[in-house]
4 protein chains.
Amino acid sequence: MGPGRPRSEKARQAILTAALEELEEHGYAALTMQGIAARAGAGKQTIYRWWPSKADVVLDALVDLAAARITVPDEGSLPADLDAFLAATFRERGQRKILVGLMAEALLDPAFAAAFRERFLFARRAALREILGRAVERGEIADGIDPELLIDVVYGVVWYRLMIGHAPLDEAAGRELTALLLRAVTPR
Amino acid sequence: MGPGRPRSEKARQAILTAALEELEEHGYAALTMQGIAARAGAGKQTIYRWWPSKADVVLDALVDLAAARITVPDEGSLPADLDAFLAATFRERGQRKILVGLMAEALLDPAFAAAFRERFLFARRAALREILGRAVERGEIADGIDPELLIDVVYGVVWYRLMIGHAPLDEAAGRELTALLLRAVTPR
Amino acid sequence: MGPGRPRSEKARQAILTAALEELEEHGYAALTMQGIAARAGAGKQTIYRWWPSKADVVLDALVDLAAARITVPDEGSLPADLDAFLAATFRERGQRKILVGLMAEALLDPAFAAAFRERFLFARRAALREILGRAVERGEIADGIDPELLIDVVYGVVWYRLMIGHAPLDEAAGRELTALLLRAVTPR
Amino acid sequence: MGPGRPRSEKARQAILTAALEELEEHGYAALTMQGIAARAGAGKQTIYRWWPSKADVVLDALVDLAAARITVPDEGSLPADLDAFLAATFRERGQRKILVGLMAEALLDPAFAAAFRERFLFARRAALREILGRAVERGEIADGIDPELLIDVVYGVVWYRLMIGHAPLDEAAGRELTALLLRAVTPR
DNA sequence: CGATAACCGAGACGGTACGTCCTGTCTTTCG
DNA sequence: CGAAAGACAGGACGTACCGTCTCGGTTATCG
């Protein structure tokens, strides 16, 4: 490390925390750099020095939150793994506001969209891909079925319901989706 | 009609057209009421009088555009209907910018989200529901399969790919999705 | 009179009354054509048809109010006339808000300034001029003293105090001013 | 001085200059915050941060302009002092537009009226008061004559003519007014 | 141990869009 | 054709944030 005062870990934490609190209290739409800085007792410059946009702050906060969370179940069979995976996914719905806000930002800002994909979405896809890979090896998935499409179906339904809110995202929904997928992929 | 100058259809058209042009040129994120008003040669007040937000302007423009477009195919069989429906859906992708912008707005603004659901999303779901309803009557869908979940799967995949852009939304994708769904729903 | 519906005297009265009431309640600065029209139950066009600006409405209302008020005292001597004139002038101070508002408008709008001069200010000057004319004939004013300057002194002091509000405009003030003027003009 | 970027003297000057230029070109009535900001190359917020209204901007500009100008003549006699004072006052008539605009604003806005009185009007009165005070000491003013009334007469006539514009404000006018005042105050 | 350098908080800066208000004009229906 | 109603284009308002900048001050490395 060169000379100069090192980055303040205290400021970083204060900013991430402030961002999550502001988001929780007022919603993503009302989130502002000014507001985060004020609540964190930080200067705006300090935020801009380390994050290119407020969405990146929230994404960092989310990644911190969800750091150790992506546990890939390995129950020995596809149905069990899928059920466990979806149940775990739905359990984190305290993050609904965060996820929906970040997706909105990603839809509006291509630069952030790339970061969101790489650091969040694709990490989740990889977990599901691992589950499906094991199922393929076990012969639980018929030939000619593209696992990537299955991933799209799972996350498509999850995100669609998360965003539209017209149907629940609970364990029953998980089981129903698992059942449908099994009918689709099971060799016969 | 009461007294007073009636609403100007010319102004309405100018505003909707201006909104779409601005969106096309600069993207949804850069869309502003000022910009729309200036390009339309309209006063801002005239916009605010009839639409609560810029998103509602764009939604109106979209509904005008897509007015007669929701044609429900009736080819006599589920596979044919699904293929035709998805092909028709994907063909309208000139609307990608519009749809993604409106979804972003819906994620940020609950009031607009309700309008978007009622006037756009649910109308599309209804079309698909009709197709599936006919398939159920024909016995092409096994008992115990909830058509609403199928709708979520179709639009989930469509929206997920529309938003993330990691995979194509073309006729091949449509056929692949159709095939997967048929495997899932066909009685045996 | 030509054909067509004649001007509505009822509307005219409603507008003048509404203008004075709005002025009284919210002050001249907050006076708007919209507000006057709304309170009068009149259309804005009706106001614009007959008055070029809100100031002209208020001026009309003032002239109606003060119509018969300019009574020129004729007590037989300059001191008595002056005292009576000033006392009468000061007595109308319920019009303070109106006068100050109109003067403000006249300072900002040359077109209205002309109307204000002709229809109000110069009418008042004429009254005072008549008093001074009689005093000259009676030999109460020394040669070489320009009555116009005396008028400026009287109305200058009145308006200055009316505007600045640093000193009272009451009968004592009138007597003090009268005394000063007499010392200045009395031949010796 | 506390922390934070200090106020920009350059911006302050640019704003005051822009205000005077706009006023000169388009008149006080057409003066707008937007216009001043645009011409000064400043943000509107920067103006609102330091001045509550456009009138306060112009008042600051005037005070800057007239800073060292209030020179109280001391010629040794009341007639000479008065003549010199009035001549000096009338000589500044390049400020007519400014003064009339500020007075209009003061008539419409009590908050600004207070500032205008304290920072401009009363400062001018004080100068005249000093002249009259010396005259009293010299015995040039008869007992029982209130100097404050004399100040009202002088500034009353000046402002009345400034506003109405029916009579000139030149050296001849000054001499005529001086003569009248002397007749009024000279002991006999 | 002092110079240098990068950080920090604070807050002013030039901008841009917001949503509201009012202006003066226009286009209806009604009497 | 006057009048009430109310929509229209236009433009200023005062506010909120943006992202940048310029302060004084702090905390590290390195000569």
Side-chain angles (χ1 to χ4, degrees), chain A residues 1-8 10-12 14 30-38 40-50 52-54, chain B residues 1-8 10-12 14 30-38 40-50 52-54, chain C residues 2-8 10-12 14-15 30-35 37-38 40-50 52-54, chain D residues 1-12 14 30-38 40-50 52-54:
Chain A
M1 190 178 60
R5 181 176 177 175
R7 175 172 185 181
S8 159
K10 194 174 137 200
R12 179 178 177 277
L31 205 61
T32 68
M33 285 297 214
Q34 310 232 134
I36 296 170
K44 284 201 294 175
Q45 194 70 252
T46 302
I47 306 186
Y48 282 109
R49 189 151 28 223
W50 304 109
S53 77
K54 67 183 178 185
Chain B
M1 192 181 56
R5 183 176 176 173
R7 176 172 183 181
S8 159
K10 196 174 135 198
R12 179 178 176 276
L31 203 60
T32 68
M33 286 298 215
Q34 315 238 125
I36 296 171
K44 285 202 290 175
Q45 190 77 231
T46 301
I47 306 186
Y48 283 109
R49 185 149 35 224
W50 303 110
S53 77
K54 67 184 176 185
Chain C
R5 181 174 174 175
R7 176 172 184 182
S8 159
K10 194 174 135 199
R12 179 176 178 277
I15 289 164
L31 205 61
T32 68
M33 286 296 215
Q34 308 230 132
K44 283 200 295 174
Q45 194 70 252
T46 303
I47 307 185
Y48 282 109
R49 196 161 13 235
W50 304 109
S53 79
K54 66 183 178 185
Chain D
M1 191 182 57
R5 182 175 177 173
R7 176 171 184 181
S8 160
E9 176 57 23
K10 196 175 134 198
R12 180 179 176 276
L31 203 60
T32 68
M33 286 295 216
Q34 317 238 125
I36 296 171
K44 285 201 290 175
Q45 191 76 237
T46 301
I47 306 185
Y48 283 108
R49 186 152 30 226
W50 304 110
S53 76
K54 67 184 177 186

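Within the 4.0 angstrom heavy-atom criterion, only backbone atoms of the sugar-phosphate kind lie near Ala42(A); the bases stay farther away. Residue contacts for Gly41(A): at a heavy-atom cut-off of 4.0 Å it reaches the sugar-phosphate backbone alone, with no base atom in range.
With Lys54(C) contributing its side chain and Leu31(C) its backbone, the two residues share a donor-acceptor pair below 3.5 Å.
Checking the phosphate oxygens (OP1, OP2) of dA3(F), a side-chain nitrogen or oxygen of Trp50(C) falls inside 4.0 Å. One finds no side-chain N or O of Thr32(A) lying less than 4.0 angstrom from the OP1 or OP2 phosphate oxygen of dC17(F). An OP1 or OP2 oxygen of dC7(E) is reached within less than 4.0 angstrom by no side-chain nitrogen or oxygen of Ser8(A).
Between Thr46(C) and Ala11(C), the shortest heavy-atom contact is CG2-CB, 4.5 Å. Scanning all heavy atoms of the two residues, the minimum distance from Ala40(A) to Ala14(A) falls at CB-O, 3.5 Å.
Going from atom CD of Gln45(B) over to atom CE of Met33(B) covers 11.0 Å, rounded to the nearest 0.5 Å.
The NZ-P distance, from Lys10(A) to dC7(E), rounds to 18 Å in whole Å. With rounding to whole Å, Ile47(D) atom CD1 is found 14 Å from dT15(F) atom C1'. Rounded to an integer number of Å, the gap from Arg12(D) CZ to dG14(E) P is 14 Å.
Considering only heavy atoms from C-beta on, Arg12(C) stays 4.5 Å or farther from Ile15(C) through its side chain.
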* What string of B, S and - do you get for nucleotides 24-31 of chain E 5' to 3' if you count protein non-hydrogen atoms under 4.0 Å? -> BBBBBS-B
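A residue-by-residue look at Thr46(B) and Ala30(A) shows that Thr46(B) has its nearest nucleotide of DNA chain F further toward the 5' end. Across the interface with DNA chain E, nearest-nucleotide mapping of Arg7(D) and Ala37(D) shows Arg7(D) to be the residue nearer the 5′ end.
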* Are Trp50(D) and Arg7(D) close enough, and set up right, to give a side-chain contact (heavy atoms from CB on, under 4.5 Å), and what steps lead you there? -> CA-CA 10 Å; Trp50(D) 304 110; Arg7(D) 176 171 184 181; 3.4 Å; yes
